[in-house]
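Note on naming: letters A, B, ... go to the chains in the order of the sequence lines (proteins, then strands), and numbering restarts at 1 for each one. Predicted, not measured: the structure shown is a model, and the values here were computed from it.
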Amino acid sequence: MTPATSRSVPVMVPLPVAGPYSYAVPDGMAVIPGSVVQVPVGPRKVIGIVWDEGDETGAVDAKKLRPIEHVFDCPPISPAMRKFINWVAGYTLTPPGLVARMAVRAPTALEPEPMVEGLRLTGTTPERMTPARQRVLELASDGFSWTRLGLARAAGVSASVVETMMKQGVFDTVFLPPPPAVGAADPDYAPPELSADQRDAADRLKSSVGQGFGVTLIDGVTGSGKTEVYFEAIAETLRQGRQVLILLPEIALTSAFLERFEARFGSKPGEWHSDLAPRMREKVWRQTAEGRIRVVAGARSALFLPFEDLGLIVVDEEHDTAYKQEDRVFYNARDMAVVRARIGDIPTVLASATPSIESQVNALAGRYERLHLPGRFAEAALPDLKTIDMRRDPPARGGFLSPVLLKAVEGAVGRGEQALLFLNRRGYAPLTLCRVCGHRFQCPNCSSWLVEHRFRGQLMCHHCGHAEPVPEACPECGTLDHLVACGPGVERIAEEVEHHFPEKRTIVLSSDLSGGVKRLRLELEAVANGEADIVIGTQLVAKGHNFPLMTVVGVVDADIGLANGDPRAAERTFQLLAQVTGRAGRTGLTSHGLIQTYQPTHPVMRAIVSGEAEGFYAREIGEREKSGLPPFGRLASVIVSAETRGEAETHARALRAAAPQSRSISVLGPAEAALALIRGRYRFRLLVHGARGDDMQSFLAAMLENGPRARGSVKVQVDIDPQSFL
DNA sequence: AGCACGCCGACT
DNA sequence: GTCGGCGTGCTC
């Protein structure tokens, strides 16, 4: 028998449906908008969020509503967060329930953490005094509550000593809230010494704290003190009693960063990232919601943490592509941080040595405040940057390193300093062919070349992950031992380096390193401590890590990526080269950045060598405007119908109605879209309807083969970075 | 997203 | 003759 229910509420459920479902509220159950609840959906139970009246999807017969089963005892999801979820869903064309799910993804954190038992002296003395009991008593008389185990350990006795004393009534128990996951950040723990420029910038940032929404873009070369400056804004926010979110690309969320924070604020920030231990994840989620954690440093998903009173968002390395999530919910955390800040009416700080074009444009347009930090702090000189013209100073036959670069490396390691050789290409060689018949090894699934990984003895596809052992004979003509590796990868450079410097310690750092992120961090730390002479690395050495002994940075092939058709190629190359050469020169020693290129007059190379980024950025912005890409300030989405352009228009109309926040839904016909795809003019998100596997590759292949007549209806969303969200 | 239902190919 | 592949539809 179902009891009569007095009302129903909308509940956002984690399903790909257009809006919340309605549920009955059993008599006596108290729910308000934001309450986190358990509701039945078909045969299963899911976690949902009570939503706001007016957001319901189509009405369902009020008599047939199923009841909410449980209300979790946790702070309700705030109106700002609910508004944010709705906005993100509309903007990214994602069902709101799937966005909402990101805000409640710490499942067991929904109930309060269990209280911790604490022991307090009653004043009763033990029946018999022993040395062990004496020690326990001495410790416990500090006026604080101890845990059973903590007290026993501190006193150097077994738990049974404490337990016996409890039985004798020496202690009574009190229940205490569980200990905080991190200590309290103290804004006045260790105020830094700032240069005049930094002080200026810090003061301007500080004055924006508490003044409502605003975005400030801080830029300045590696080592100019951006972090110190935004730390002052964090300190000010803490003084005003509000919480802070620091977003970082996952790879930059290192113990070095956490320690730097601790040195300034006296304790570490709460951490939030994908490989956080489940127990810790729950603690951080819960305590952030309760306001017990005041500062969280996290990867992009931290944006969906339910802060109790968020007062500032910092997005460090704002140009980093890791801010884009490209599975399930597609969003750029940097952009959504700006939206979150606007909704919460709080300031945002975007920081980068190499800001993205779109942030530059927003600063130029006056939408963002601009703070520029002109130089490196104190004695840390910038490296001396030069290009090596590979036409004039070519490598020896069979090698890839110019004599000029080898000499610089020799100089550095000879002085006991370190050298870094950067090549953004994993493996040994990007292409393998048969010298006899010319057969090229191609991926059976995709059409890309298979990359030889000599350490593993495999040919691998970097696109789809396909791998096969390196054969001894050519599969085409059967000739033995005539396979030839074309071009360098980091493994091949390592071979060349070991040939030239056999007695030096070399290390290859790439994502192929076994042992995962943890191992990688350890190796990076080891390098920073001087435990290698020559480092050969892919782009992951360009991100965040500082190597104080690194005095030579060589870019093996600066031209990679400049001619691949990506409209952001120049920008990306500039950012990468600036970041990697910025790894050198923080010690006060003379340091050098040497950039091997066949295009020494290319605008990217000129900008890097001269250190004058402004001209380069201005040029890039101009190029963008000329190139016919969708104009700035729009999210361009595209519907492609494989049949006709007219059908695409129909889909687009439906989408526009469904997602009014999407500023622009451009329509490309299938031929235009195929062309754009092939030329790499846009970055696409392809959703193939009617094929559950969302087999992008096979659709693309069909599209390339059959052109506009490829079968199947396809929805394509262009991922030009949105410029303006306001 | 998850889960059930439903219809056509290779196998104990 | 079934097991199982994934296409389709549904969830307040």
Side-chain angles (χ1 to χ4, degrees), chain A residues 1-27 29-72 76-77 82 85-86 88-90 92-108 110 274 301 304 325-331 445 464 641-643 651 654 658-659 685-699 701-702 710-715 717:
Chain A
M1 202 176 73
T2 324
T5 52
S6 51
R7 66 182 184 123
S8 73
V9 288
V11 175
M12 196 62 90
V13 285
L15 305 178
V17 291
Y21 281 172
S22 298
Y23 284 87
V25 183
D27 286 334
M29 179 183 275
V31 295
I32 56 168
S35 295
V36 182
V37 295
Q38 186 180 70
V39 290
V41 173
R44 62 211 163 97
K45 302 171 191 316
V46 298
I47 292 165
I49 304 168
V50 176
W51 220 245
D52 304 85
E53 300 296 334
D55 284 350
E56 298 94 329
T57 37
V60 168
D61 188 347
K63 293 283 160 283
K64 285 190 186 159
L65 295 182
R66 300 176 74 180
I68 292 174
E69 287 174 350
H70 181 65
V71 185
F72 292 101
I77 301 302
R82 299 198 302 274
I85 289 167
N86 279 339
V88 172
T92 61
L93 308 177
T94 309
L98 301 190
V99 180
R101 193 171 59 158
M102 298 197 291
V104 285
R105 246 192 336 205
T108 54
L110 297 173
S274 62
S301 61
F304 293 91
Q325 173 154 89
E326 301 196 330
D327 57 81
R328 296 188 175 108
V329 181
F330 290 51
Y331 66 98
N445 311 322
C464 69
S641 147
E643 306 302 318
H651 282 143
R685 161 185 165 197
L686 256 184
L687 300 166
V688 182
H689 297 308
R692 267 299 174 87
D694 279 20
D695 192 348
M696 207 184 280
Q697 284 305 329
S698 69
F699 173 75
R711 284 192 47 77
S713 163
V714 175
K715 183 169 112 180
Q717 183 175 350

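DNA chain C lies under 4.0 Å from at least one heavy atom of each of the following residues of residues 36-43 of chain A: A/Pro40, A/Val41, A/Gly42.
Rounded to an integer number of Å, the gap from CG of A/Leu15 to C1' of B/dC3 is 11 Å. Rounded to whole Å, atom P of C/dC12 lies 10 Å from atom CG of A/Leu65. For the pair A/Arg7 CZ and C/dC12 P, the interatomic distance rounds to 19 Å; values are reported in whole Å. One can place CD1 of A/Ile47 at 12 Å from P of B/dG2, the figure rounded to the nearest angstrom. Rounded to whole angstrom, the span from the OH atom of A/Tyr21 across to the C1' atom of C/dC10 amounts to 7 Å. In this entry the distance linking NZ of A/Lys45 with C1' of B/dC3 reads 15 Å, nearest Å.
Residues A/Leu65 and A/Tyr21 form no side-chain contact, since every pair of their non-hydrogen atoms from C-beta on lies 4.5 Å or further apart. Inter-residue side-chain proximity for A/Ile32 and A/Val50 is flagged as unmet; no heavy-atom pair is nearer than 4.5 Å. With a 4.5 Å cut-off on side-chain heavy atoms, A/Val9 and A/Ile68 count as touching.
Partners of A/Glu69 by side chain to side chain contact (heavy atoms under 4.5 Å, CB included), not counting sequence neighbours, listed by chain and number: A/Gln38, A/Pro40, A/Lys45. A/Ser301 meets the side chain to side chain contact (heavy atoms under 4.5 Å, CB included) test with A/Arg105, A/Trp272, A/Tyr331; sequence neighbours excluded.
In this structure, A/Phe72 and A/His70 have perpendicular ring planes: the angle between them is above 60°, well past the 30° mark.
Within the nucleic acid shown, A/Arg44 comes within 4.0 Å of at least one base atom, counting heavy atoms only.
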